[in-house]
Undergrad: 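Structure incoming, see below.
Both counts, for ligands and for their atoms, begin at 1 and track the order of listing. All values derive from a computational prediction rather than experimental measurement.
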Amino acid sequence: MNIPMVDLKSQYLSLKNEIDAAMLEALEETHFILGPNVQAFEQEAADYLGVKHAIGVASGTDALHLALVAAGIGPGDEVITTPFTFIATAEAISYVGATPVFVDIDPYTLNIDLKQVEHAINAKTRAVIPVHLFGQPVDMEALVQLCDAKNLFIVEDCAQSFGAHINGKMTGGFGAFGAFSFFPSKNLGCFGDGGLVTTNDDKHANELRILRNHGSRERYHHNVIGYNSRLDELQAVILRIKLKHIDDYSQNRRRVAHRYSEALADTSIQVPYEDGKGLHVYHQYTLLHEKRDDIMTALQEKNIACAVYYPIPLHKQDVYMDAYKDIHLPVTESVAEKCFSLPVYPELENDNIDTITDVIKGAL
Ligand SMILES: *Cc1c(COP(=O)(O)O)cnc(C)c1O
């Protein structure tokens, strides 16, 4: 047996005829930069996400970066975020010369702790970047209320939460901006790098379209220093096809997660906690246990993939360590020592899920 963390091949094979035909058509069309598929995908994604504007960019990291540029955030500004995320969340803050302020996480949802956000707000704070970690929405109604009262921008990091929603309102539609990634292993993944920024503000949307295309409003007229950060036409072809299946993918990720959680319910493992406020779309299925390393060894011996997201909190990373040496975030630090993630993808079969939980129970 060999169970991987993600299975991109079977997803491709299930859509192969449609993808191959559409790719060939785009190759014949040869409109490779900001072509018709990018435009169509932006509209389809905006419709699906329930936002006014969706702007395709080159990656999720760029989506976060360009959103902060469009918000006018720069040197001297503080941006509050979680230390328990992929490095890109903080990199974007550092790119614009602002200071990431890391606050502790909630021990159950593993998302940023809103009480800690409130404590960290001061006169320099300009924005908050909540990460809908592993696919579970942050309590955005509470965060929006807090940030509106303090006049702060929210840039939602939706890299792991495409299709997650709170009472039908999609992540990416609550803050001033939503930043999405289409890295191949994400819930909606393309065949390379890709990203998207969402906003309901016409002016910000216009700025983002200029920023991603060399600061150019009109060809060869450059108003600001921009970037080369466009969503690729061929990636847009794939995204348009996969977008039609995203609800089915989310439902199947939840099937996998709930089958794991039921099987592990009566063990000493802490299974993912759904706070009941929003729909968790399980980008990752992440467990906590003191004997994580032993359990992972048992899985690996059976050729079952597993991984630690994330072993080192951002304030403990080499690149940030010196600047944050006096900061102690006990929940994050303890979770990083106990967390491990199991394979989760829409195509994962029930028999395989049962084998995995049997191996874990054996190891306990
Ligand atoms: C993947 C990811 C990103 C970065 O997206 P890329 O498309 O790889 O640049 C940012 N934030 C989080 C939480 C991610 O998981």
Undergrad: Is ligand 1 under 4.0 Å from a heavy atom in the side chain of Lys186, in the backbone, in both, or in neither?
TA: side chain

Undergrad: Between Gln160, His283, His280, Glu156, which is the residue that forms a side-chain hydrogen bond (donor to acceptor under 3.5 Å, both in side chains) with His132?
TA: Glu156

Undergrad: Flag yes if more than 12 heavy atoms outside Asn122 fall under 6.0 Å of its CG atom; otherwise flag no.
TA: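 Counting neighbours around CG of Asn122, more than 12 heavy atoms of other residues, nucleotides or ligands fall under 6.0 Å, so yes.
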
Undergrad: Take a 6.0 Å sphere around CZ of Phe32 and say whether it holds more than 12 heavy atoms from other residues, nucleotides or ligands.
TA: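 More than 12 heavy atoms, drawn from other residues, nucleotides or ligands, come within 6.0 Å of this atom.
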
Undergrad: Arg240 side chain to Val38 main-chain N or O, any donor-acceptor pair under 3.5 Å?
TA: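 Checked: no pair found.
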
Undergrad: What protein heavy atom is closest to atom 8 (O) of ligand 1, reported as residue, atom name and distance in Å?
TA: Phe183 CD1, 3.9 Å

Undergrad: Is it true that Glu274 and Arg254 have a side-chain N and a carboxylate O under 4.0 angstrom from each other?
TA: yes

Undergrad: Just jot down the ligand 1 atoms closer than 4.0 angstrom to any heavy atom of Gly60, in number order.
TA: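 With Gly60 as reference, the close atoms of ligand 1 come out as 5 (O), 6 (P), 7 (O), 9 (O).
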
Undergrad: Could you tell me whether Asn151 atom CG has more than 12 heavy atoms of other residues or ligands within 6.0 Å of it?
TA: no

Undergrad: For the pair Lys9 and Glu347, find out whether any cationic side-chain nitrogen is under 4.0 Å from an anionic carboxylate oxygen.
TA: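 Between Glu347 and Lys9 there is no salt bridge, as every charged N stays at least 4.0 Å from the carboxylate O atoms.
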
Undergrad: Using a 3.5 Å cut-off on N or O atoms only, is Asp157 in polar contact with ligand 1?
TA: yes

Undergrad: In the protein, which heavy atom is nearest to atom 4 (C) of ligand 1, and how far is it?
TA: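 The closest one turns out to be Thr61 OG1, 3.6 Å.
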
Undergrad: Can you list the ligand 1 atoms lying under 4.0 Å from a non-hydrogen atom of Ala159?
TA: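 Counting from 1, the qualifying ligand atoms are 2 (C), 3 (C), 10 (C), 11 (N), 12 (C), 14 (C), 15 (O).
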
Undergrad: Distance under 4.0 Å to a non-hydrogen atom of Thr85: what atoms of ligand 1 satisfy this?
TA: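 This gives 13 (C) as the contact atoms.
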
Undergrad: Counting heavy atoms only, which part of Val131 comes closer than 4.0 Å to ligand 1: side chain, backbone, both or neither?
TA: side chain

Undergrad: Need the ligand 1 atom indices (1-based, order shown) with element for anything under 4.0 Å from a heavy-atom of Thr89.
TA: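 Counting from 1, the qualifying ligand atoms are 11 (N).
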
